[in-house]
Amino acid sequence: MSGGVLVLGEGEHGRLRAGTNALLEAARSLAEQGAGPVSLAVIDADADAVLAGAAARVAGVRELIAVPSPHGSFEAHVSQAALEGLIEAHRPAIVLAGHTVDSLGFLAAVAARGRHGFASDVTRVSFQAGGLHAWRGDYGERLLAELDFPAKKTVLLALRAGAFATRAPSDGAPAPGGEAFAPRVSRLELALAGRMRSERIELRASAGEPDIDRAEVLLGIGRGIGGAEAVPRLERLASRLGAALVASGAPVEAGWVSRTRKIGQSGRTVAPRVYLALGISGAPQHLAGIAGATTIIAINTDPNARIFDVADHGAVADLFEVAAELERQLG
Amino acid sequence: MNILVPVKQAGHLPDDFVLEDGARPAPEALEWRLNEWDERALETALGLVESSGAGEVLVASVGPVQAEAGLRACLAKGATRALRVWDDSLADADALIVAELLAALARREQPDLIVCGVQASDTAAAATPAALAGLLDLPRVAAVGGARREHDDLLVERELEGGAVEVLRIGLPALLSVQSTPGRPRQANLRAIKQARSAPLETLVPGDLDLDEARLREVAGARLVRLSERARVSGAHMLDGPPVEVAAWIAAIIAVESPA
């Protein structure tokens with residue numbers, strides 16, 4: 001096979017990660033626009049089992065390709081070698097992967113080494129007469145950049161989680177332009193043993209914070225709180241509200257709050273009744289984690305903050321003045 | 001241990017920016033700031049050099065003249081040398097082009113370790129580190145939250161989704177892309193800032209690294225068709241009023257949505 005759309009699925013505990021559904025959906029949509037058949041590859045120690053368990057979710061997929069890995073956990077160089085082997089064997093026109101912590105370790109490496117087309121953190125794709133187009137944010141998400149890939153035989157795209165809709169899995173739905181059929185299953189044996197160049201010493205699970213998943217109200221803090229010294233005050237407010245305190249990326253990466261409290265693409269995903277966002281600008285990485293909230297209230301001094309695009313209620317105000325007043329009123 | 005830290009002076013749009021023709025804004029139209037993840041990369045590199053007792057940190061930027069301010073800030077914090085690669089043909093350079101330039105520079109400098117920021121605050125592509133590691137065939141760890149030397153190796157913490165941490169051992173030479181540092185990055189003192197103002201700063205053009213425009217165009221991952229304004233879909237009901245009213249209204253919404 002050559003041409004077509006190859007989806008690089010990620011396995012986790014012997015199953016296909018949920019994020020792969022969105023990649024498949026994007027691939028199907030490209031196929032409907034004429035980009036060629038869709039195949040799904042999984043590089044994993046349990047690749048066969050992952051694909052076998054995924055059968056109900058792969059309507060419209062022409063081929064399932066298991067790439068058995070000699071290693072039980074993700075390793076960037078093994079994945080790099082495996083994807084290079086997959087591209088050589090299958091010559092896909094488009095490779096779709098998730099923009100995840102794992103893919104940060106190898107996708108751009110494969111693109112640079114193979115002189116392939118490449119774009120990351122992609123939020124929209126289309127296939128037209130002129131070929132593949134991809135859209136991604138630029139200038140801190142203020143603008144949208146439309147990209148094309150002239151003269152590239154293979155284009156690797158890392159798609160942002162949450163930017164692509166997923167339909168409910170439908171067993172045996174017909175493939176684009178055709179009858180329902182069972183995908184061909186194949187195995188690509190690559191010499192991956194010895195490719196590993198980093199060694200896992202330890203895996204520390206997240207410390208928990210069960211209160212975050214249980215709380216009906218979450219108080220989210222962002223860069224706008226200004227520094228670690230503001231955290232105790234806001235923790236106090238959270239407890240008055242019966243809320244758990246969480247944060248966007250900035251306060252976590254600046255060391256103001258623990259990383260177990262980070263909400264977003266590289267943190268946890270939450271679905272509280274109320275999400276009160278104080279001093280959060282609304283970077284898409286964070287918004288991806290709060291999409292499930294029933295009601296979002298945002299307080300920010302910047303009237304153009306992106307958080308107001310997704311909030312149900314908003315006020316352009318100083319978060320500390322509002323926090324102090326809220327605390328006073330709650331007595 | 002000698003460490004190369006590639007840094008980016010990220011271009012941000014001023015608040016009153018208006019997009020005119022879909023093309024990239026001129027450098028003069030932007031506000032330039034050192035990428036915050038690169039500050040953490042520098043902090044990680046300086047810490048490793050300090051704990052190993054010897055070595056230097058070279059900071060390098062692919063960017064227009066505005067990048068010099070960021071390089072000088074790195075010198076003030078303790079980087080030993082700084083250099084900048086640029087010519088105007090690089091105005092549209094993507095991560096793969098930048099990686100190609102940095103790879104040529106790394107071949108010249110032969111560092112023991114390359115420490116990058118995991119992504120830049122303007123493009124957020126998070127692609128240069130892996131592309132660079134791929135071109136140099138280096139072991140690499142992405143999304144690093146801390147690193148320390150253990151004999152000839154590095155022990156590196158990789159920050160996974162959901163708060164989990166993977167500890168990895170890698171040999172040198174290697175490449176790390178830093179997500180966060182355990183502490184706050186250091187601040188430069190005034191004397192060091194003054195000294196950095198007049199410190200030498202090497203400037204290169206791609207030709208100095210045996211790279212020409214045709215080759216760089218070939219390695220580009222994508223071509224910019226156009227830039228556009230994002231469609232704003234503000235559905236938020238906005239409340240105008242003093243803090244006392246805003247607070248009362250928040251309390252009311254919470255009482256309705258989440259009755260205690």
Side-chain angles (χ1 to χ4, degrees), chain A residues 76 101 104-109 111-113 115 117-121 137-140 142-150 197-206 216-217 241-242 253 255 259-260 266 268 273-274 276 294-295 297 308-309 311-315 317 321-322 325-326 329-330, chain B residues 12-13 19 95-96 99 121-127 130-131 133-135 139-143 159-170 179-180 183-184 218-219 221-230 232-234 236-239 243-244 246-248 250-251 253-254 257-258 260:
Chain A
V101 173
L104 292 189
F106 69 96
L107 199 70
R113 289 158 57 87
R115 301 267 187 267
F118 175 79
S120 57
D121 201 17
D138 205 342
Y139 299 94
R142 287 273 302 274
L143 300 178
L144 200 58
E146 179 184 353
L147 306 171
D148 68 0
F149 308 90
R197 293 177 68 188
S198 60
E199 179 197 355
R200 178 185 275 187
I201 303 292
E202 187 190 347
L203 182 66
R204 276 185 235 140
S206 150
E216 288 199 336
V217 182
L241 288 168
E253 282 149 20
R259 30 191 321 276
T260 55
S266 58
R268 47 174 79 222
R273 301 282 305 165
V274 179
L276 174 58
T294 310
T295 299
I297 309 171
F308 292 128
D309 292 0
D312 300 281
H313 308 276
E321 290 178 11
V322 172
E325 192 55 45
L326 198 48
Q329 292 179 17
L330 292 167
Chain B
H12 295 270
L13 302 175
L19 183 69
L96 299 194
S121 52
D122 51 358
T123 54
L135 292 170
R140 87 293 307 238
V141 181
E159 301 187 342
L160 306 180
E161 282 99 351
V165 173
E166 181 183 31
V167 184
L168 294 158
R169 184 199 309 278
I170 56 167
Q179 168 90 3
S180 64
R184 257 186 116 111
E218 185 199 318
V219 307
R223 182 178 68 174
L224 179 67
V225 178
R226 71 180 65 83
L227 290 167
S228 59
E229 302 273 3
R230 280 180 170 281
R232 300 291 299 260
V233 280
S234 182
H237 164 250
M238 301 298 287
L239 187 91
V244 57
V246 173
I250 292 172
I253 292 169
I254 291 176
E257 291 289 339
S258 171

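This one's a predicted model, so the numbers in the text were calculated from it and none came from an experiment. So that the names make sense, note that chain A is the first sequence line, chain B the second, and so on, each numbered from 1. What you see below is based on every heavy atom in this structure, not just the backbone, and it leaves out hydrogens, waters and symmetry mates.
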Notebook entry, point to check: Looking at A/Gly140, A/Ser120, A/Gly314, A/Ala108, which makes the most heavy-atom pairs under 4.5 Å with chain B?
Noted result: A/Gly314
Next item on the list: Look at B/Pro139, B/Ala248, B/Ala142 and state which one has the largest set of heavy-atom pairs under 4.5 Å with chain A.
Entry: B/Pro139
Notebook entry, point to check: Does a salt bridge link A/Arg204 with A/Glu202, judged by any charged N lying under 4.0 Å from a carboxylate O?
Noted result: yes
Margin query: I'd like to check A/Leu241 versus A/Leu276 (side-chain heavy atoms, cut-off strictly below 4.5 Å). Are they in contact?
Written below: yes
Notebook entry, point to check: Side chain, backbone, both or neither: which part of A/Asp312 has a non-hydrogen atom closer than 4.5 Å to chain B?
Noted result: backbone
Checklist line | Value rounded to 0.5 Å, distance of CG in B/Leu239 from CD1 in B/Ile253 | finding: 8.5 Å
Note to self: Counting heavy-atom pairs closer than 4.5 Å to chain B, which one of A/Ala112, A/Ala317, A/Ala111 comes out on top?
What the structure shows: A/Ala112
Next item on the list: Just give me the residue among A/Ala145, A/Ala315, A/Ala76, A/Ala109 that pairs up with chain B most often, heavy atom to heavy atom, under 4.5 Å.
Entry: A/Ala109
Check: Does some side-chain heavy atom of B/Met238 sit less than 4.5 Å from a side-chain heavy atom of A/Phe308?
Finding: yes
Check: So what's closer than 4.5 Å to chain A heavy atoms on B/Leu19: side chain, backbone, both or neither?
Finding: side chain
Check: Checking heavy atoms, do the side chain of B/Ser121, its backbone, both or neither come under 4.5 Å from chain A?
Finding: backbone
Check: Which residue out of B/Ala125, B/Gly221, B/Ala126, B/Ala127 racks up the most heavy-atom pairs below 4.5 Å with chain A?
Finding: B/Gly221
Next item on the list: Among the options A/Leu104, A/Leu143, A/Thr294, pick out the one with the most heavy-atom pairs lying under 4.5 Å from chain B.
Entry: A/Leu143
Notebook entry, point to check: Under a 4.5 Å heavy-atom cut-off, does chain B meet the side chain of A/Glu199, its backbone, both or neither?
Noted result: both
Notebook entry, point to check: With distance as the sole test, does A/Arg273 use its side chain to make a donor-acceptor pair with the main-chain N or O of B/Ser258 at under 3.5 Å?
Noted result: no
Note to self: Is B/Leu96 in contact with chain A via its backbone, its side chain, both, or neither, using a 4.5 Å heavy-atom distance?
What the structure shows: side chain
Check: Quick one: does A/Glu321's side chain have a donor or acceptor within less than 3.5 Å of a partner on B/Pro243's backbone?
Finding: no
Check: Side chains of A/Arg200 and B/Val167: does their closest heavy-atom pair fall under 4.5 Å?
Finding: no
Item checked: Straight-line distance of A/Leu203 CG to B/Leu160 CG, nearest 0.5 Å -> 6.5 Å
Margin query: Main chain of A/Gly105, side chain of B/Arg140: is a donor-acceptor contact present, judged purely on distance under 3.5 Å?
Written below: yes
Next item on the list: Give a yes-or-no answer on whether the side chains of B/Ser180 and B/Glu159 include a donor-acceptor pair shorter than 3.5 Å.
Entry: yes
Margin query: Tell me which of these, B/Leu227, B/Val246, B/Val141, has more heavy-atom pairs under 4.5 Å with chain A than the rest.
Written below: B/Leu227
Margin query: Please classify the contact of B/Ala251 with chain A as side chain, backbone, both or neither, using a heavy-atom distance under 4.5 Å.
Written below: both
Next item on the list: Go through B/Leu135, B/Ile170, B/Val244 and name the one with the most non-hydrogen pairs under 4.5 angstrom from chain A.
Entry: B/Val244
Next item on the list: Sort A/Val274 into side chain, backbone, both or neither according to what part of it lies under 4.5 angstrom from a heavy atom of chain B.
Entry: side chain
Next item on the list: Can you tell which part of B/Ala99 gets under 4.5 Å to a heavy atom of chain A, answering side chain, backbone, both or neither?
Entry: neither
Notebook entry, point to check: For A/Ile297, is it the side chain, the backbone, both or neither that has a heavy atom under 4.5 Å from a heavy atom of chain B?
Noted result: side chain
Item checked: Region of B/Ala95 that comes under 4.5 Å of a non-hydrogen atom in chain A -> neither
Note to self: Rounded at 0.5 Å granularity, tell me how far CD in A/Glu146 sits from CG in A/Asp138.
What the structure shows: 13.5 Å
